[in-house]
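Encoded as structure tokens, the structure appears first; notes follow it.
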2 protein chains.
Amino acid sequence: MSGARNLSAALRRARAPRPRIALRPTCTQTPLAIAARSFTVSSTVRADREIKFTSDAYPNVKRNPNFAELTPEHVTYFKELLGSQSAVIDGVSTDASDDIEPFNSDWMRKYRGHTRLVLKPQTTEEVSKVLKYCNENKLAVVPQGGNTGLVGGSIPVFDEIVVNTSRMNNIRSFDQASGVLVADAGVILEVADQYLAERDHLFPLDLGAKGSCHIGGNVSTNAGGLRLLRYGSLHGSVLGLEAVLPDGTIVDALSTLRKNNTGYDLKQLFIGSEGTIGLITGVSIQCPPRPKAVNVAYFGLESFEQVQRAYLEAKGQLSEILSAFELMDGRSQRLVQDSTGNKQPIEGEYPFYCLIETSGSNAEHDMAKLETFLENVMGEALSPTALWRWREGITESLSHLGGTYKYDVSIPLSELYQLVEDCKQRLTEKGFVGDDDSFPVRAVVGYGHMGDSNLHLNVAVRRYDKEVEKAIEPWVYEWIQKRQGSISAEHGLGIAKREYIGYSQNETMVKLMKQLKNLYDPNGIMNPYKYI
Amino acid sequence: MSGARNLSAALRRARAPRPRIALRPTCTQTPLAIAARSFTVSSTVRADREIKFTSDAYPNVKRNPNFAELTPEHVTYFKELLGSQSAVIDGVSTDASDDIEPFNSDWMRKYRGHTRLVLKPQTTEEVSKVLKYCNENKLAVVPQGGNTGLVGGSIPVFDEIVVNTSRMNNIRSFDQASGVLVADAGVILEVADQYLAERDHLFPLDLGAKGSCHIGGNVSTNAGGLRLLRYGSLHGSVLGLEAVLPDGTIVDALSTLRKNNTGYDLKQLFIGSEGTIGLITGVSIQCPPRPKAVNVAYFGLESFEQVQRAYLEAKGQLSEILSAFELMDGRSQRLVQDSTGNKQPIEGEYPFYCLIETSGSNAEHDMAKLETFLENVMGEALSPTALWRWREGITESLSHLGGTYKYDVSIPLSELYQLVEDCKQRLTEKGFVGDDDSFPVRAVVGYGHMGDSNLHLNVAVRRYDKEVEKAIEPWVYEWIQKRQGSISAEHGLGIAKREYIGYSQNETMVKLMKQLKNLYDPNGIMNPYKYI
């Protein structure tokens with residue numbers, strides 16, 4: 001508490017002019033959809049650049065010779081099974097490379113596979129038959145939702161069949177009294193949230209890709225996002241799942257009960273396993289009432305120490321209404337300014353900026369709490385704007401610069417930002433960082449979810465460069481391991497971190513994971529070549 | 001919302017005199033410890049009654065002949081391994097039946113085993129060596145924490161060795177910034193919470209048995225308790241676990257990170273599996289800041305329909321500060337009154353009573369919200385008392401009456417209380433219910449966690465009676481299955497519900513659970529004869 005008081009004093013001394021804070025009232029539509037559109041924008045901007053095949057980028061990864069090669073007979077089976085024309089994109093019997101390309105590569109243009117077949121089943125039974133046939137015929141499969149991942153988890157490496165959930169997009173039920181939503185895996189997150197908004201509820205997950213990502217993909221990658229601080233992890237909010245095992249077994253664990261202690265909680269295994277042991281087809285999730293009042297504040301601070309103190313003060317004073325505490329460094333905010341041409345919401349330059357969101361049931365109470373916090377921390381409040389853009393716009397702004405090496409890590413709070421400083425220093429010393437085009441690295445920036453001790457370290461490059469990558473990896477993972485952090489806080493491992501799991505999991509854990517993989521997927525057909 | 005207004009009107013019309021509501025401010029010690037003491041009380045009261053052996057009560061359950069019989073040589077190994085005298089209670093080489101009895105039976109005096117050996121290891125390494133030896137020598141084991149369970153899960157059936165965690169009781173670390181507590185499995189819940197209280201934090205679980213139960217036992221049974229509504233399930237709040245597999249493998253998944261997406265979340269398998277695949281030795285858990293203001297209100301209502309409306313109104317108006325919404329029927333409250341001799345907090349008799357708790361960061365705001373809610377719902381506020389006693393005292397009051405058949409179930413909210421009515425009618429029609437001692441059933445009462453759709457149906461009996469039991473089971477499970485409820489919301493299955501898992505889990509799920517059980521415990525030594 002005395003720390004908090006010191007902070008206030010320090011802040012008052014340190015800063016002039018006082019920053020302006022926009023308080024945004026009850027929002028029916030969050031501004032995050034803007035960021036979701038970045039996928040389209042960046043693809044357009046960089047469409048001329050050829051994406052390297054993952055098989056070339058990872059020459060050590062060899063195609064598993066146990067897998068069968070796709071034949072026209074296989075394709076015929078799938079066409080007969082799925083019926084509809086739109087359910088099969090056939091690159092085996094025909095040249096469909098243009099149609100297939102969006103399923104073969106990711107929006108960051110970093111990973112690219114060689115699939116020749118995309119299947120879009122519409123029911124759980126169809127998924128079951130597809131997987132059973134693939135398993136019996138040793139055909140490898142990559143489950144794919146909205147394809148918004150950051151680690152190449154939903155992109156084939158060789159000729160794996162893509163099983164995409166986009167045609168499984170029905171909301172199955174919603175119970176107003178309990179707030180439980182049951183929906184197909186392929187429902188887009190934003191669609192689910194809009195549906196809930198009309199019923200005064202909220203999807204307990206929100207992230208930049210909400211306009212494209214599927215809730216099945218969110219669950220299978222255990223997405224964290226912007227409001228984990230308030231609504232907790234999917235391991236807690238997902239009440240039930242329906243999934244299909246590689247042998248076609250339908251796991252019907254689609255409970256809608258908040259409490260159900262009848263045996264092992266098997267559904268948990270599918271949450272975060274990135275489609276390596278089964279394909280999620282349905283989700284039952286506990287949704288909270290939509291907050292009646294939402295406020296957002298944005299402010300600058302002079303040091304990371306001040307950021308930490310502000311966080312503790314927010315935790316204490318805003319407590320139950322605090323729904324996000326986001327950190328952005330000055331470099332990331334200047335990137336957004338340069339890229340959008342918008343004027344930053346506050347005057348003056350700061351090394352750190354924070355965005356705080358409160359969500360509560362009483363606008364007056366929430367505003368009073370926020371104002372007390374802001375008085376203690378720094379000052380006056382001003383007119384509302386889409387402040388979230390300054391946080392959510394970072395990904396898009398970075399994408400305009402070329403490529404980005406993205407590291408999504410958990411680190412104990414006190415050292416959270418040190419990684420950015422250390423990484424910048426390392427790359428600078430190696431002569432990689434500079435203002436003109438001869439330097440591969442343009443900027444090293446950090447931002448993330450302060451409330452979850454989750455940092456996004458981003459190295460913006462003019463071009464992907466193996467030497468730069470080698471300077472970062474495995475150095476960055478060793479740095480994190482030393483601090484008992486996690487090399488993947490919320491993005492997952494995919495192919496990007498396939499060789500690095502040992503930095504965050506011990507040998508026993510990896511062995512136990514492999515044991516489970518072998519139990520459920522003895523032929524290894526589910527999402528092969530990834531981290532397991 | 002118009003429903004909520006109608007409720008207010010209906011309530012105002014229906015009731016005179018207006019109920020009194022006590023608002024209890026920031027409590028350093030919750031009144032729940034009172035209920036925890038009921039274990040001692042009831043044991044004393046009924047010490048004269050002999051507890052039936054579980055092996056006699058369940059004659060179909062036969063001792064697994066693959067298990068070895070304990071010999072003095074086995075005991076010698078354990079004594080040498082664990083060193084300390086107090087670590088081994090040896091009923092093999094000596095007559096130690098009096099010392100062993102508390103570990104052989106439960107506080108409800110419903111389950112009783114034949115163990116002749118109790119081990120109390122002090123470290124994870126010791127647990128590892130104990131289990132490895134047991135596995136190699138085919139010695140069956142029952143993990144036991146505070147032995148406060150309600151389904152016989154921690155009681156041996158035959159001569160299984162009891163491995164008790166009471167000597168593993170160190171708090172390993174607490175991080176003030178993140179709120180993460182790491183502690184041994186044998187730390188008593190109340191001790192952990194007191195430790196946290198001194199550091200302005202709260203254990204995110206609270207239940208009547210807090211004075212005796214171990215946090216390892218809480219996690220292994222996925223305890224729900226009184227504040228799940230606010231702080232969520234242990235599947236969300238437990239960040240890491242340390243556990244020992246039957247072969248002695250130490251599963252070190254004791255992460256303290258809020259986010260860690262590096263592979264399968266194996267720790268989840270130990271949460272709620274009741275010690276059937278491993279023994280939890282350490283827990284890492286996310287603890288919220290302790291609320292600065294806690295208020296409790298107690299009121300009566302005329303119908304279950306009004307209770308439902310009051311719940312929806314509370315959810316809407318109290319929203320983020322609502323930490324408990326408990327339902328108690330009139331019969332349960334009269335039992336508490338008869339048993340304690342205390343006067344009920346409000347005048348008049350109602351068929352239903354509710355207890356609401358709010359926990360927030362600003363006393364003024366919380367009181368304003370609660371008063372608005374109470375104005376709409378019913379009336380004035382009065383002096384504070386230990387209102388929680390009227391909810392938490394039910395278990396103790398019931399225990400004075402003789403035995404209790406306890407059913408802990410999840411049912412969709414609209415039908416939550418109907419089960420009590422239907423059960424009472426059924427038992428009355430069969431001639432079991434009456435006021436004098438010739439009738440086995442004394443009362444059929446219902447109470448529970450309204451906010452979790454979790455009902456506790458309790459049939460208070462003068463004596464345990466197979467005919468009464470047969471009239472309730474499997475009828476009660478069929479009733480729940482028809483409504484897609486859960487036959488065990490938070491108590492677990494143990495031996496009590498070993499044959500009934502099929503009412504809440506389909507065949508595929510049971511098969512998959514057995515597959516995992518065989519994977520981790522091929523000799524079946526961990527907590528045998530229970531539900532799996």
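First the proteins, then the strands, lettered A, B, ... as listed; each starts at 1. Both backbone and side-chain heavy atoms feed into the values below; hydrogens, waters and symmetry mates do not. Given the structure is predicted, the values throughout are model-derived calculations rather than measurements.
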Under 4.5 Å from any heavy atom of chain A, what part of Lys369(B) do you find: side chain, backbone, both or neither?
both
Contacting region of Asn506(B) [heavy-atom separation from chain A under 4.5 Å]
side chain
Which bit of [X] comes within less than 4.5 Å of chain B, counting heavy atoms only: side chain, backbone, both or neither?
| X | result |
| --- | --- |
| Lys530(A) | neither |
| Ser178(A) | backbone |
| Gln286(A) | neither |
| Asn518(A) | neither |
| Glu364(A) | neither |
| Lys517(A) | both |
| Asp452(A) | both |
| Leu493(A) | both |

Please determine whether side-chain contact (heavy atoms from CB on, under 4.5 Å) holds for the pair Arg258(B) and Ser410(A), giving the CA-CA distance in whole Å, both sets of side-chain angles, and the decisive distance to 0.1 Å.
CA-CA 8 Å; Arg258(B) 191 148 182 163; Ser410(A) 286; over 6 Å; no
Measure up the Tyr264(B) and Tyr531(A) rings against each other and bin them: parallel (under 30°), tilted (30 to 60°), perpendicular (over 60°).
perpendicular
Which heavy atom of [X] sits nearest a heavy atom of [Y], and at what distance?
| X | Y | answer |
| --- | --- | --- |
| Leu245(A) | Leu512(B) | CD1-CD2, 3.9 Å |
| Gln505(B) | Asn260(A) | NE2-ND2, 4.2 Å |
| Thr262(B) | Met513(A) | O-CE, 3.6 Å |

Contacts of Tyr231(A) that satisfy side-chain hydrogen bond (donor to acceptor under 3.5 Å, both in side chains) - sequence neighbours left out
none
I need the contact set between residues 249-256 of chain B and chain A: heavy-atom distance under 4.5 Å, sorted by residue number.
Thr249(B), Ile250(B), Val251(B), Asp252(B), Ala253(B)
For the pair Lys315(B) (side chain) and Ala177(A) (backbone), establish whether a donor and an acceptor sit closer than 3.5 Å, ignoring hydrogens and angles.
yes
Partner residues of His491(A) under the ring-ring contact (aromatic ring centres under 6.0 Å, His included) criterion, sequence neighbours left out
His456(A)
Rounded to the nearest 0.5 Å, what separation is found between the CG atom of Leu516(B) and the CG atom of Leu516(A)?
6.5 Å
Under the criterion side-chain contact (heavy atoms from CB on, under 4.5 Å), I'd like the reasoning laid out for Gln515(B) against Leu266(A): C-alpha separation, chi angles, the key distance, then a yes or no.
CA-CA 11 Å; Gln515(B) 190 185 34; Leu266(A) 284 168; over 6 Å; no
Sequence neighbours left out, what pairs pass salt bridge (charged side-chain N to carboxylate O under 4.0 Å, His left out) with at least one residue falling in residues 234-246 of chain A?
Arg172(A)-Glu242(A)
For His235(B) and Asp265(A), which I'm curious about, is there any donor-acceptor pair between the side chains at under 3.5 Å?
yes
